[in-house]
Amino acid sequence: MSDQVTHFIGGVQVAEGATFATHDPVTGGVVRLVHEADRAVVDKAVAAARAAQPGWAALPVAERAGWMRRLADAIEARFEELVAAEIADTGKSITQTRTLDIPRGAANFRSFAEIAAQRPDEAFHLKDVLSYTVRRPLGVVAVIVPWNLPFLLATWKIGPALVAGNAIVVKPSEHTPGSMAVLADIAAEIGLPPGVLNVVHGLGGGSTGQFLVEHPGVDAVTFTGESRTGSTIMKGVADRVKPVSFELGGKNAGLVFADADLDVAVEGSVRSVFTNGGQVCLCTERLYVERPVFEEFVTRLAKRAGELRFGRPEDEDTTMMPMISAEHRDKVLSYYRLAEQEGAEFRAGGGVPSFGDERDGGYYVEPTVLTGLPPDSRVNREEIFGPVCHVAPFDTEAEAVALANDSEYGLAATVWTSRLSRAHRVAQSLEAGLVWVNTWYLRDLRTPFGGVKLSGIGREGGTDSLDFYSEPTTITIKLEPEHE
Ligand SMILES: NC(=O)C1=CN([C@@H]2O[C@H](COP(=O)(O)OP(=O)(O)OC[C@H]3O[C@@H](n4cnc5c(N)ncnc54)[C@H](O)[C@@H]3O)[C@@H](O)[C@H]2O)C=CC1
Ligand SMILES: O=C(O)/C=C/C=C(\O)C(=O)O
């Protein structure tokens with residue numbers, strides 16, 4: 001029998017609203033029945049957050065940091081329950097879920113506890129003038145998160161928002177409510193003050209997500225997801241000039257130079273293209289390879305794509321997961337068909353795997369490597385968000401940088417080279433918020449994280465997160481002149 005997923009408002013479970021079903025990406029079967037928050041339920045959640053926020057903000061930051069550490073401890077105590085909930089919703093491998101998705105939840109809370117507790121206040125001293133700043137929380141923050149890394153991305157926002165003194169209302173993706181339902185239970189279990197963390201479930205436009213971001217009691221919005229959705233949310237909050245933090249889509253480029261260690265570049269590109277089924281905003285969808293090593297690189301990458309393992313989520317050596325939904329699977333496949341129409345050569349994949357078991361009812365696609373398309377093809381311009389990349393050759397460094405920067409997006413990039421000067425020169429020339437050199441998705445949680453152009457507004461991570469979730473007041477005092 002599927003689970004019933006309820007809202008979490010003011011510290012208690014709230015089973016209100018019509019229900020909708022979620023589906024197992026591995027088999028297509030029903031996983032959960034989820035209550036959909038209507039305007040009245042959203043109003044209750046915002047009111048609970050509003051009521052709790054002043055008392056929460058009045059706590060010393062060290063006490064709020066202590067609550068973050070207790071959340072991290074409780075996540076680790078209920079680790080396998082969270083792993084199971086995330087896998088049931090996403091179909092991702094148990095190895096990835098145990099080594100990335102859930103551990104990062106605890107790490108997110110711990111990191112922001114330390115960053116907030118140790119952050120010095122600012123003061124500025126002129127001859128007879130002293131200025132200093134105090135930071136106040138924004139108030140009530142709406143946290144809207146997607147389905148690709150549900151627990152990681154939600155806690156990446158919840159941690160800094162709470163430790164900065166805000167109360168929040170979280171809306172997980174309609175596809176992946178499970179791990180947030182467990183976190184809500186954890187909050188109740190540890191006695192987090194009621195109303196500080198609220199979770200409402202539902203869809204986006206015309207549903208819970210829109211009701212929440214546009215609610216007059218919401219002071220700010222943090223969102224991760226598609227660029228078009230970010231634009232829609234921005235329009236919806238424009239009249240009230242609400243601060244927004246957006247981490248949006250990407251069409252990330254990878255540059256492989258002939259001087260690179262090709263073993264490292266191939267294995268690094270396998271990770272950056274196919275991790276999480278390519279369903280990470282940081283994944284590489286465009287690879288540019290210096291011509292002398294182009295054919296060897298493409299051949300090796302295509303071979304490795306064919307070696308990815310379509311096991312079950314519980315198999316520890318599974319390295320290929322299903323798409324999150326039939327709709328998203330169909331979107332990815334529509335780009336495979338478009339690539340054919342645009343004249344691409346398929347060096348690997350291009351279709352749907354056949355299992356001969358219940359997984360044939362799931363949302364799997366083949367990992368795919370394409371070549372032969374021009375830079376202005378739709379496959380090279382539009383975010384696909386699946387296990388697919390296009391590989392093209394280049395002849396000069398300047399050409400490679402120009403190709404990489406020829407995009408409406410600017411989130412992440414990878415550079416594979418053994419020349420240190422080239423690594424710095426190229427990385428500094430790329431129009432992206434994040435550049436990895438000879439690695440991918442190596443994360444220091446203190447660093448600014450986010451993109452430019454259609455890839456987002458603002459940065460998360462370290463004090464950048466704390467800055468978004470609070471407003472400074474600069475206080476300037478005229479020091480008494482000596483003769484007075
Ligand atoms: N991290 C990223 O950059 C992600 C990008 N995507 C891209 O987005 C495409 C569509 O996937 P979706 O799940 O529909 O992503 P989405 O970005 O539309 O939805 C993400 C979250 O926003 C909510 N939402 C949607 N419309 C909203 C609105 N008008 N107001 C408030 N909340 C709203 C959704 O309910 C969900 O919780 C994918 O094919 C992929 O290309 C999807 C997931 C993550
Ligand atoms: O590591 C992180 O903090 C975030 C990783 C992934 C995303 O932001 C995304 O896929 O949107």
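Counting convention: from 1, in listed order, for ligands and their atoms alike. Computed from a predicted model, the values in this text were never measured in an experiment.
- When hydrogens are left out, the protein atom nearest atom 39 (O) of ligand 1 is K331 NZ, 2.8 Å; that is the closest non-hydrogen contact.
- A salt bridge links K251 and E285; the closest N-O separation between the charged side-chain nitrogens and carboxylate oxygens is under 4.0 Å.
- Between the side chains of K157 and T224, at least one donor-acceptor pair of N or O atoms lies under 3.5 Å.
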Could you tabulate the donor-acceptor pairs under 3.5 Å formed by side-chain atoms of residues 67-78, not counting sequence neighbours?
{"unit_1": "R69", "atom_1": "NE", "unit_2": "E114", "atom_2": "OE2", "d": "2.8"}
{"unit_1": "R69", "atom_1": "NH2", "unit_2": "E114", "atom_2": "OE2", "d": "3.2"}
{"unit_1": "D73", "atom_1": "OD1", "unit_2": "R110", "atom_2": "NH2", "d": "2.3"}
{"unit_1": "E76", "atom_1": "OE1", "unit_2": "R110", "atom_2": "NH1", "d": "3.3"}
{"unit_1": "E76", "atom_1": "OE1", "unit_2": "R110", "atom_2": "NH2", "d": "3.2"}
{"unit_1": "E76", "atom_1": "OE2", "unit_2": "R110", "atom_2": "NH1", "d": "2.7"}
{"unit_1": "R78", "atom_1": "NE", "unit_2": "E81", "atom_2": "OE1", "d": "2.8"}
{"unit_1": "R78", "atom_1": "NH1", "unit_2": "D185", "atom_2": "OD2", "d": "3.0"}
{"unit_1": "R78", "atom_1": "NH1", "unit_2": "E189", "atom_2": "OE1", "d": "2.6"}
{"unit_1": "R78", "atom_1": "NH2", "unit_2": "E81", "atom_2": "OE1", "d": "3.3"}
{"unit_1": "R78", "atom_1": "NH2", "unit_2": "E81", "atom_2": "OE2", "d": "3.0"}
{"unit_1": "R78", "atom_1": "NH2", "unit_2": "D185", "atom_2": "OD2", "d": "2.7"}

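- For ligand 2, the 4.0 Å heavy-atom shell contains residues R104, N148, L149, L152, L153, W156, T224, E247, V280, C281, L282, Y441, R443, F449.
- A donor-acceptor pair under 3.5 Å is absent between the side-chain atoms of D101 and the main chain of E86, judged by distance alone.
- Defined by atom type and a distance below 3.5 Å, a donor-acceptor pair is present between the side-chain atoms of T368 and Y336.
- Side-chain contact between R98 and P103: absent, with no pair of heavy atoms (C-beta onward) separated by less than 4.5 Å.
- Atom numbering of ligand 1 starts at 1 in the shown order; those under 4.0 Å from a heavy atom of C281 are 1 (N), 2 (C), 3 (O).
- Contact record, N405 with E431: OD1-N, 2.7 Å, taken as the closest heavy-atom pair.
- Aromatic ring pairs are classed by plane angle as parallel below 30°, tilted from 30° to 60° and perpendicular above 60°; the pair W156 and F112 is tilted.
- Taking every heavy atom of T224 and a limit of under 4.0 angstrom, the matching atoms of ligand 1 come to 1 (N).
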Distance-only check: which donor-acceptor pairs under 3.5 Å involve side-chain atoms of residues 383-392, not counting sequence neighbours?
{"unit_1": "E383", "atom_1": "OE2", "unit_2": "G250", "atom_2": "N", "d": "2.9"}
{"unit_1": "H390", "atom_1": "NE2", "unit_2": "G372", "atom_2": "N", "d": "3.3"}
{"unit_1": "H390", "atom_1": "NE2", "unit_2": "L373", "atom_2": "N", "d": "2.8"}

Point to revise | Candidate pair T155 and R104, rule side-chain contact (heavy atoms from CB on, under 4.5 Å), full reasoning | key: CA-CA 8 Å; T155 53; R104 261 296 299 278; 5.9 Å; no
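- Within ligand 1, counting atoms from 1 as listed, the ones closer than 4.0 Å to a heavy atom of G249 are 3 (O).
- Classification of D89 and R32 as a salt-bridged pair holds, one side-chain N sitting under 4.0 Å from a carboxylate O.
- Remark: distances from the non-hydrogen atoms of G230 to ligand 1 are all 4.0 Å or more.
- The nearest protein heavy atom to atom 41 (O) of ligand 1 is closer than 4.0 Å.
- For atom 34 (C) of ligand 1, the closest non-hydrogen atom on the protein side is E174 OE1, 3.6 Å.
- Among protein heavy atoms, atom 11 (O) of ligand 1 sits closest to W147 NE1, 3.5 Å.
- Under the 4.0 Å distance rule, the nearest protein heavy atom to atom 19 (O) of ligand 1 falls outside the cut-off.
- The closest protein non-hydrogen atom to atom 37 (O) of ligand 1 is V145 O, 2.8 Å.
- With a 4.0 Å cut-off on non-hydrogen atoms, L248 touches ligand 1 through its backbone and not its side chain.
- Remark: minimum distance from atom 16 (P) of ligand 1 to any protein heavy atom is reached at T229 OG1, 3.7 Å.
- If you check each of G204, G451, S173 against atom 24 (N) of ligand 1, the one with the closest non-hydrogen atom is G204.
- Contacts between S207 and ligand 1 below 4.0 angstrom, taking non-hydrogen atoms only, are absent altogether.
- Checked options V169, T208, V237; the residue passing with V213 is V237 (criterion: side-chain contact (heavy atoms from CB on, under 4.5 Å)).
- Side chains of T284 and S272: a donor on one and an acceptor on the other come within 3.5 Å.
- Of all protein heavy atoms, the one closest to atom 4 (C) of ligand 1 is F385 CZ, 3.4 Å.
- Annotation: atom 17 (O) of ligand 1 to nearest protein heavy atom, E226 N, 2.7 Å.
- Atom numbering of ligand 1 starts at 1 in the shown order; those under 4.0 Å from a heavy atom of P172 are 37 (O).
- The part of H328 lying near ligand 1 is the side chain, judged by heavy-atom distances below 4.0 Å.
- When hydrogens are left out, the protein atom nearest atom 7 (C) of ligand 1 is E383 OE1, 3.6 Å; that is the closest non-hydrogen contact.
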What donor-acceptor contacts under 3.5 angstrom involve side-chain atoms of residues 12-19, with partners at least two apart or in another chain?
{"unit_1": "Q13", "atom_1": "OE1", "unit_2": "T6", "atom_2": "OG1", "d": "2.5"}
{"unit_1": "E16", "atom_1": "OE1", "unit_2": "K44", "atom_2": "NZ", "d": "3.1"}
{"unit_1": "E16", "atom_1": "OE2", "unit_2": "K44", "atom_2": "NZ", "d": "2.5"}

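- A donor-acceptor contact closer than 3.5 angstrom links the side chains of Y288 and R286.
- Taking 4.5 Å as the limit, every side-chain heavy atom of L454 sits out of range of all side-chain heavy atoms of L248.
- For atom 27 (C) of ligand 1, the candidate residues are S231, G209, G205; the nearest heavy-atom contact is made by G205.
- Heavy-atom proximity to T232, at under 4.0 Å, picks out these atoms of ligand 1: 29 (N).
- Between atom 23 (C) of ligand 1 and the options L212, I144, V213, the minimum heavy-atom separation is to I144.
- Partner of K242 under the side-chain contact (heavy atoms from CB on, under 4.5 Å) criterion, chosen from V141, D219, V218, I233: V218.
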